[in-house]
Amino acid sequence: MELAAKYNAAEVEDKWYAYWLAHKFFHSEPNEKDPYTIVIPPPNVTGILHMGHVLNNTLNDVLIRNARMHGKNACWVPGTDHASIATESKVVAKLKAMGISKEDIGREEFLRHAWEWKEEHGGIILQQLRKLGCSCDWDRTRFTMEPALSEAVINTFVYFYKKGWIYKGVRMVNWDPEALTAVSDDEVVHKDTQSHFYHLKYFISDGQGNPTDKYLVIATTRPETIMADAAICVNPKDERHFWLKGKKVLIPLINREIPVIEDDYVEMDFGTGCLKVTPAHDVHDYEIGLRHNLPVLEIIDDHGRLNEKAHILVGEDRFVARKKIVKMLEEAGNLLKVEDYTSPVGYSERTNAVIEPKLSAQWFLRMDTLAKVALETVKSGRTKFIPERYVNTYRHWMENAHDWCISRQLWWGQRIPAYYLPNGQFVVEATPEAALEAAQAICPDIKAEDLHQDEDVLDTWFSSWLWPISVFDPEMPGHPDHKPNKDLSYYYPTSDLVTGPDIIFFWVARMIMAGEEFMGREPFSNVYFTGIVRDKIGRKMSKTLGNSPNPLDLIETYGADAVRIGMLLCSSAGNDIFYDEAQIKQGAAFCNKIWNSYRLVKGFSVDPSVAQTPAAAAAIRWFDAKLSETVALVEDHYRKFRISDALMAIYKLFWDDYCAWFLEAIKPAFGQPVDPETYRATLGFFEALLKLIHPVMPFITEELWQNMEERQEGETIMYAAAPTVKPYAAGTLVDFELAEEAVNGVRGIRNQKNIGPKETLELKVKGAFPASVIPVIEKMGNVSMETVDGFGDAQGVGFMVRTYEMFVALSGLVNVEEEIAKLEKDLAYQQKFLSGVRGKLANERFVANAPAAVIENERKKEADSLSKIESLESQLKVLRNS
RNA sequence: GGGCGAUUAGCUCAGUUGGUUCAGAGCACCUGCCUUACAAGCAGGGGGUCGACGGUUCGAAUCCGCCAUCGCCCACCA
């Protein structure tokens, strides 16, 4: 097959992906080999691929392919998350566009639409991952809301309820007035927000509900909530407010009488020292209210509008009401002053609506024991975090974990299995039948239609925290007594998890909790936290900024291998990624380089009667060692999750060592054949390089590997054994490096003197230079080389390769003055260096304290420097005499 | 307000327990080359007092203190 001059990714990629699928190369079943398991961080079922996914899944794929080539039974379980809020809001928006509201059609009809939407858009992202080359075991694809996994979720709920860790309670929760649901503390983002501090006069009541002329002043950012005030609170130690003791004051505008109370919570030096207490609409006020037995008056409805209990501004949105009430207060003479004020305000992570603290009945899961156990998992190192510093973040959160609000006022999700009896009691059971039975134990004559299931669904994370267990054995989580099935026993605990640090609490921490609770051990050994993908000037990628490229377009243009490599080149663990298309171009260039090096090798004609050149023999010996050295380095990088370093090491091995040095050293003259031994070695190295880079660039490596020789149907580079480290003599590497430096020296002189590469030069070297690499220097530098005792008084240019003096004879081309100036500069540098070294050696304390090896090294530096100085001086002498 | 992390070449980052001529890599840049695998290429080259100051040490990019700037996480001062 003739190879095109340029690599065409598009032609190659679909072909091999189809081949891999057809042969089920990604599929894993338990066997006698060691498992290597990854569960995918399940993307939202209706999501589409963005650059963050590309980074994350490329890393996952590199790890899984690398493990596979190292003889592990590699299993990467894919799947999607039902993402209750995100998906529900998309469906709501779609229905809204059709003029339908979710309340109009009711739960069942809404869910029908939602499933329809899921069928239509769901799993697009999984198709896109195929384009990227991900080697997921598609036969194992899971969905967090598929029947088996939903059952696991329900069973888990029942399990914790019966254990007494799930309770229903009326609590102040974070209410999202747009999504119309409670959200957990972790779904609230606090942002400093410009607002105002309104100083309001509350007049003292005369006891009959009439204002006197005395007043106190409170400062608030939320004047629209004054109608819900239950008291004014001052610090009991605050002398300024002693006169208020036992007084009652009137709420402005509505003139309702409220008491003045005392509580330590109030800071004396903040604001005016008087706090308005609004138990229904502020978390702390609620707690003060509990302590002082204050009434709770809710004046804001679920949509964030004032209700009739506010008496005024009824029906107005809270922010509109704020503006209007300020004006009313001003007109009524209650507004003393307005200050600019910046304070942290909670926003819903999902809708960006300002969170309204709201009192409501919600379901909670106790976190104390779960968090304690899961903290120990990480502290003990059974689960390692990379980078390690995330352990601190984790510890802090775990030590302060609040109970988890797991109910959501949504429909898309697993419905809470609590069933209410007509008398308000409830039972929690996995099925309606079991619930009926339990209910009948309370009220014998109750019938199925008398029971009413809780309207709420569970937080999405309440299903994804089971993911590393439930994808293998959905029976397990809710039934810890259940014996794990074959898959779960084999694949659990999984090996590595690659995810973003933004979901360390939502997901990672909770998977560890569930893993410990149900399996008695950690769900994964390592968690590798990636950074956030930003554009090249550091902005987060977002739809509104339009700075996020479509990964599929990039794959189309540059090929999946190039996109993968481009993402990895700049991704050290835990650092944000500054995405730049230039990196992908670099990846594409690398593909092309690999492609063309293969074209060269494949174009060689082999002649058994030709003898191997000494240069080729030396190059083979060297590259063999170089390969082993690099493989060891790469494996070390992989162990430490330094994926970009591993990639860079292979990149340089391929480009610099193999292409620039090895191939050039063994390359026969144009039109000449190569000997069989060299050819075999060259192809062997090429194959090793393909295998080494395959985890990162799966497509081009498969294409070339298949092309190298006749392969059987069903063979693949995916399962080829990774190159191993072989012992080698250290001198092999050093000798070749000397040759490289000599060649570089000659090339430098050519460049400087404008001598073309085709003109053969004479190179002399003083002393015992390793003979085996001399042919390499002669070939690569286009020189004829000889070892001499001295350079005599020939005209030319000298240079040093480590301690070897080299000399290129150049009659007539040498500018004597220039050479002298250059040598003098070198000499001055050497003398300064030498005096530095000697200073050190003359320092008694250095000699007394430094380790012997260090001192020995200083002595060697001194000797080397002396010999260099000697050489420079003798060269100068020759030049000055000429 | 509390905590964590960062600051090294124009950019993105390495630099492992203080000591090999340790100040590095990739990209970018400059110069010269269309040399028969590759111009998505080849050869060569310039560029940083390692954020500031102070300290420990024979020796500091590396350890300590303080300051500055940036980023992230957590947090109920109305």
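Being a predicted model, the structure only gives us computed values, none of them experimental. Every chain is numbered from 1 and lettered A, B, ... according to where its sequence line falls, protein lines coming before strand lines.
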In whole angstroms, how far is the P atom of B/rC22 from the CD atom of A/Glu858? 12 Å
Could you say whether A/Ser597 or A/Arg222 is positioned toward the 5' end of RNA chain B, judged by the nucleotide with the nearest heavy atom to each? A/Ser597
Heavy atoms from C-beta onward define the side chain here; which of B/rA37, B/rU12, B/rA78 lies closest to that of A/Leu663? B/rA37
Are a donor atom and an acceptor atom from the side chains of A/Thr225 and A/Lys276 found within less than 3.5 Å of each other? yes
Between B/rG10 and B/rU57, how many Å separate the two C1' atoms, rounded to a whole number? 36 Å
Suppose we define a pair by two distances each less than 3.5 Å, Watson-Crick or G-U wobble; what does B/rU36 pair with here? none
So if I take every side-chain heavy atom of A/Lys667 and compare against B/rA78, B/rC58, B/rA37, which nucleotide ends up nearest? B/rA37
Answer with yes or no after comparing the ring centroid distance for A/Tyr651 and A/Phe590 against a 6.0 Å cut-off, counting only values under it. yes
State, without any angle test, whether A/Tyr598 and A/Glu703 hold a side-chain donor-acceptor pair at a distance under 3.5 Å. no
Both A/Gln586 and A/Asp636 contact RNA chain B. Taking the nearest nucleotide for each, which residue is further toward the 5' end? A/Asp636
Looking at A/Lys593, does any N or O in its side chain come under 4.0 Å of the phosphate oxygens OP1/OP2 on B/rC42? yes
Centres of the A/Tyr390 and A/Phe385 rings: under 6.0 Å? no
Could you tell me whether A/Glu862 and A/Lys840 make a salt bridge, using a distance below 4.0 angstrom between a side-chain N and a carboxylate O? no
What is the pairing partner of B/rC4, taking Watson-Crick or G-U wobble pairs with both distances under 3.5 Å in any strand? B/rG71
Just how far, in rounded Å, is P of B/rC72 from CZ of A/Arg389? 13 Å
A/Thr393, nearest nucleotide to its side chain (from B/rC73, B/rG26, B/rG19): B/rC73
Please tell me if A/Asn596 has a side-chain N or O lying less than 4.0 Å from either OP1 or OP2 of B/rA37. no
Watson-Crick or G-U wobble partner of B/rC13, both distances under 3.5 Å: B/rG24
Does B/rG48 have a Watson-Crick or wobble mate here (both distances under 3.5 Å), and if so which one? none
Would you say A/Tyr390 places a side-chain N or O within less than 4.0 Å of OP1 or OP2 belonging to B/rC73? no
